[in-house]
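Here the structure comes first, spelled out in structure tokens, and everything after it is commentary.
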Amino acid sequence: MPESPCPSPREPSAAGGGVVLTVVVPMPAHGGLDARLSYRHPHPLPSGTLVRVPLGRRTVLGVVWPEAPDGEAPAREALRPVQEVLTALPPLPDEWCALVAFAARYYQRSLGEVALAALPPALRALDAAGLQRRLARRADMTPAAPTAPAPSPTPDQQAAVQAVAEADRPVLLFGATGSGKTEVYLQAAAQVLARDARAQVLMLVPEINLTPQLEARVRERFGAAVVTLHSGLTPAQRLRHWLAAHLGQARVVLGTRTAVWTSLPRLRLIVVDEEHDPSYKSQEGARYSARDLAVYRAHLLAAQGCRVVLGSATPALESWHAALQGRYRLVELSDRIGGAARPALRLLDMRTQPRGALLAPALLEAIQARVARGEQALLLLNRRGYAPVLACPDCGWTSGCPHCSAYLVFHKDERRLRCHHCGHAAAVPRACPDCGNVDLAPLGRGTQRLEEHLEQTLAGLRRPDGAPVRVGRLDADSARTPQQLQALLGQVHRGEVDVLVGTQMVAKGHDFRRITLVAAVNPDAALFASDWRAPERLFALLLQAGGRAGRDATFMAAQGSRAELWVQTAYPQHPLFAALARHDYPGFAAQQLEERRAAGMPPFAHQALLRAEARTLEAALAWLQLAAQQTDGLPGRAHVTLYAPVPMTMVRVAGVERAQLLLESASRPALQALLAAWTPRLHALRRAGPARGLLRWAIDVDPLGY
DNA sequence: AGCACGCCGACT
DNA sequence: GTCGGCGTGCTC
């Protein structure tokens, strides 16, 4: 881009005032304006150029947009001039603008909101001079060549890499834990980078902080050409890494869902690891799915040869269905490279166990036996705290949160009651607030209670080295910071912990070498939860957790042990467990898809939610009712089912009442057409006033759960 | 969303 | 007599 003369900040140039530019600015889609505003500038600028423009009383970062403004822009003379052009940066690629435009349209948000949220926050605050300074400081960054040599791939992996290179559609890489998916990503990336000296690769992961070993592996392979992008970085780091990507210096970007927006001028491969993971779906602002946007982004770059790989041992049913239909190319990796046996499933029928037993006697014995042999056990319980409720057995009082429709969880170690939804904390009452009874009882079990129970039960038991058995706990309370998490994981790795109790956090990719037994203590809630995606998530969790057992084949052989996954359930006949016993994801998926087809649920139907938050539930429901009426006569209406507005399962969070309205259609275009016509009406409805007490509303396209 | 302007309660 | 609560309104 040519160095432009600094535009005069005040007066328009004489004849005609130069050209009119469409600039996207950070503004939600209120009322008539859609965040594409017009500004004057002495000469044309390429689309994607970053500029600073006046907006009201402020100066904001904006992006020069490819199209003309839609509505009636003010007369040229009335336009305000572009204040500053960030000439130090090349324009954002057209493909980036197209991705932003698509997402804004699809998720019903303004262009400006999506575009500016897609840029690093620190960039929004920089002017041209500040940017110059920033760039000067990092001018010495040199793109580095790959460092560590790649191990030679197995024939399976070789074939998978080949399939990725040749695929004319997204590849769904399906392979169990330990089948070597990561190696396929790395080999595919290496191939792309070797073929084109400027090519770039985007690797998305669900949570970078939980899996530092992946980052280490990527760095080991690609060295200083790797940058990371995730929420754990400081604003300055984030900007630095983003700039490296935008300027083409970073060859590999490894990041969480926000990284899908990274400007990558020569993007040639996108990897979405653990593509089924719900954290790819944003729950704030534009509720986008980074996985779906990754697929769309690769589609935009298809002519440039960009590929996309979605990897999982338990794909999202949407992805699996797409693969069965042939929209995605299914590539399968055969089982564990190390040759370790898959864990055997042991179902414990809790209906036949002693009443009130936290752990079935057989499970406890199995844990004791393994620990005494120097093996480790992992216990999964998806509730943190000591007990989910404190209750009065006399009058029936329960520890409800004053701000939420949830119980205050009893945390014994802190001697406090805490709400896991709004953070409210209170001291444990000495006596029942209602009747004065001093014998309040903790109801149900959390990880702290299980830990305590195990410490008592295993007290006196010795490991082979004569040391007493140690119990550890890994949950959001014990691992509040990444440092604490790493410390805990270190203890487990070094064998200082024999029995580890944890929430689903423990199932994520940690390589615990001496764990030979994994147990799900109480997974039944997910079988019949109101969230109909719960079984899918449970299957993924149990399969993934089971994959933690017996990862070290040498150790297993030396021990003569067999890896086992124990599940305590009152529903042992549930078909989910039959599929789990066979490690049969395809069977499970087929059964789930059949249910979904019969019930007209996704992926056989497309959904959107209108969510409303208000001071009172009545206000939220009333507004949704009004909103529903606004769909009359809109395009697509005949092909979209509107359900009645209902309170959310968690109605009240932090003093705010929440309700939602479900829209469903077999036709995605019909649903999209309706939403596109509806959204402006909803903005108008809000402005017109009849939304007394309404705090916020939002549309969630392709919602995950409710 | 910001950031104003704009009218009604407890503080220097 | 002011600081400040957040209710409408506007942003090329």
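Naming convention: chains lettered A, B, ... in sequence-line order (proteins, then strands); numbering from 1 in each chain.
In this structure, the CZ atom of A:Arg58 is 4 Å from the C1' atom of B:dG2, given to the nearest Å. The nearest whole Å value for the distance from the CG atom in A:Leu55 to the C1' atom in B:dA1 is 10 Å. Here B:dA1 presents its P atom at 8 Å from CZ of A:Arg696, a figure rounded to the nearest Å. What separates CZ of A:Arg686 from C1' of C:dT8 is a distance of 11 Å, to the nearest Å. Rounding to whole angstrom units, CG of residue A:Leu694 and P of C:dT8 are separated by 13 Å. Protein atom NE2 of A:His683 is 17 Å distant from nucleotide atom P of C:dG9, rounded to whole Å. The CG-P distance, from A:Leu37 to C:dC10, rounds to 15 Å in whole Å. Regarding A:Leu695, its CG atom lies at a distance of 10 Å from the P atom of C:dG7, rounded to whole Å.
One distance of note links CZ of A:Arg537 with CG of A:Asp277; it measures 10.5 Å at 0.5 Å rounding. Taken to the nearest 0.5 Å, the CG atom of A:Leu662 stands 9.0 Å off from the OG1 atom of A:Thr641.
For A:Met27, counting side-chain heavy atoms from C-beta on, the closest listed nucleotide (B:dA1, B:dA4, C:dC12) is B:dA1. Taking only side-chain atoms of A:Leu79, from C-beta outward, the nucleotide of B:dA4, C:dC12, B:dA1 with the closest atom is C:dC12.
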Practice item. Quick one: do A:Glu318 and A:Arg291 satisfy salt bridge (charged side-chain N to carboxylate O under 4.0 Å, His left out)? Show the steps, please. Key: CA-CA 11 Å; A:Glu318 282 77 4; A:Arg291 179 235 294 148; 5.2 Å; no
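In this model, the phosphate group of B:dC3 is not approached by any side-chain N or O of A:Arg57 to a distance below 4.0 Å at OP1 or OP2.
A:Tyr288 and A:Trp261 have perpendicular rings, their planes meeting at more than 60° on a 0 to 90° scale where under 30° would count as parallel.
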